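Encoded as structure tokens, the structure appears first; notes follow it.
Counting from 1, the numbers follow the sequence of the chain as shown. All heavy atoms count here, side chains included; hydrogens, waters and symmetry mates do not. Computed from a predicted model, the values in this text were never measured in an experiment.
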Amino acid sequence: MIRLFKVKEKQKEDAENNTGDITELNLPEACKISFPNGQDDLMNFEVSIKPDEGYYQNGTFVFSFEVPPIYPHDAPKVYHPNIDLEGNVCLNVLREDWKPVLNINTIIYGLYHLFTEPNHEDPLNHDAAELLRDSPAYFGTNVRMALQGGYIGDEYFEPVM
């Protein structure tokens, strides 16, 4: 029991001293970071992704990061309104593939990759995944319509361009 307590204590200490991850980010040019609560709160920040290629080119997508105190032992939570209609992000490093050796940079590159190389094989939005798989051109038309703001079926999408 004492050993488990020491491990938990060490994890908490590591998390408290783990701001280097944020200050040493090596982001793609299409990604920008901001701190809505000020530079003193490095565990809560936003990342804007503006893909420079692919279906989502020139759209701007903002992700809010809330890094848990036990990071890097648990994955941070990422919120995004346009991945599925409930705002969930399907990114394997935030689920089963998370390991403490991964970092915030890994997550941001993963999010960027979702926009430059969408994956229909592990979807949250099954309709979009099916369209991407079966009719990439029509999928591209829907993406452009959503980026500019408009309806796809019964769903309205706010403009992000």
Side-chain angles (χ1 to χ4, degrees), residues 8-125 128-129 132 139-140 142-150 152 155-161:
K8 290 285 187 187
E9 191 175 287
K10 175 70 173 141
Q11 288 177 341
K12 184 178 179 188
E13 180 182 310
D14 289 348
E16 289 171 356
N17 296 324
N18 198 8
T19 59
D21 216 21
I22 303 299
T23 58
E24 298 174 6
L25 289 175
N26 181 20
L27 301 176
E29 286 185 32
C31 300
K32 304 291 181 223
I33 190 167
S34 64
F35 299 90
N37 300 335
Q39 293 283 338
D40 291 338
D41 185 3
L42 296 178
M43 302 307 271
N44 292 287
F45 57 94
E46 293 181 348
V47 173
S48 296
I49 299 176
K50 187 173 184 177
D52 51 8
E53 61 181 284
Y55 290 108
Y56 297 92
Q57 183 174 4
N58 298 323
T60 301
F61 305 91
V62 179
F63 294 85
S64 297
F65 282 72
E66 179 184 322
V67 182
I70 196 78
Y71 172 82
H73 300 284
D74 287 341
K77 292 181 169 91
V78 179
Y79 303 95
H80 183 274
N82 298 324
I83 297 298
D84 75 1
L85 300 178
E86 288 78 41
N88 297 305
V89 175
C90 186
L91 191 61
N92 61 339
V93 296
L94 293 175
R95 299 182 325 221
E96 70 275 359
D97 290 347
W98 178 259
K99 295 169 185 51
V101 297
L102 299 177
N103 58 31
I104 302 294
N105 219 47
T106 305
I107 295 168
I108 294 171
Y109 270 90
L111 293 171
Y112 177 72
H113 186 72
L114 284 179
F115 292 108
T116 57
E117 299 284 332
N119 179 4
H120 63 80
E121 294 175 8
D122 188 19
L124 285 180
N125 184 334
L132 174 61
F139 173 78
N142 279 357
V143 168
R144 286 187 296 283
M145 192 178 330
L147 290 174
Q148 294 170 1
I152 298 177
E155 282 303 317
Y156 178 74
F157 293 86
E158 295 289 332
V160 294
M161 290 181 75

**Fill in**
Rounded to the nearest 0.5 Å, the CG atom of Leu114 sits from the CZ atom of Phe61 at a distance of 10.5 Å
**Request:** Please report the shortest heavy-atom distance between Phe139 and Pro118, naming the atom on each side.
**Result:** CE2-CG, 4.4 Å
**Prompt:** For the atom pair CG (Asn58) and CZ (Arg144), what is the distance rounded to the nearest 0.5 Å?
**Reply:** 12.0 Å
**Message:** How close do Leu111 and Phe63 get, counting heavy atoms only, and between which atoms?
**Reply:** CD2-CE2, 3.5 Å
**Request:** Starting at NZ of Lys99, measure out to OG1 of Thr106 and round the result to the nearest 0.5 Å.
**Result:** 11.0 Å
**Prompt:** Are Ile152 and Glu155 side-chain neighbours, meaning at least one heavy-atom pair lies under 4.5 Å?
**Reply:** no
**Prompt:** Do you know the tightest heavy-atom contact between Met161 and Gln57?
**Reply:** CE-O, 4.2 Å
**Message:** Less than 4.5 Å apart, side chain to side chain, heavy atoms only: is that true for Phe65 and Asn44?
**Reply:** no
**Request:** Return the minimal non-hydrogen interatomic distance between Ile107 and Val93, and the atom names on each side.
**Result:** CG1-CG2, 4.2 Å
**Prompt:** From Leu27 CG over to Ile108 CD1, what is the distance, rounded to the nearest 0.5 angstrom?
**Reply:** 4.5 Å
**Request:** Determine whether Phe45 and Val67 make a side-chain contact, defined as any pair of heavy atoms from C-beta on separated by less than 4.5 Å.
**Result:** yes
Ignoring hydrogens and angles, write down the donor-acceptor pairs under 3.5 Å from the side chains of residues 46-56, residues two or more places apart or on other chains.
residue: Asp52; atom: OD1; partner: Tyr112; partner atom: OH; Å: 2.7

**Pairwise distance SG(Cys31) to CZ(Phe115) - rounded to 0.5 angstrom** = 9.5 Å
**Request:** Measure the spacing between CZ of Phe157 and CE of Met145 and express it to the nearest 0.5 Å.
**Result:** 10.0 Å
**Request:** Could you list the residues that satisfy side-chain hydrogen bond (donor to acceptor under 3.5 Å, both in side chains) with Asn119, not counting sequence neighbours?
**Result:** none
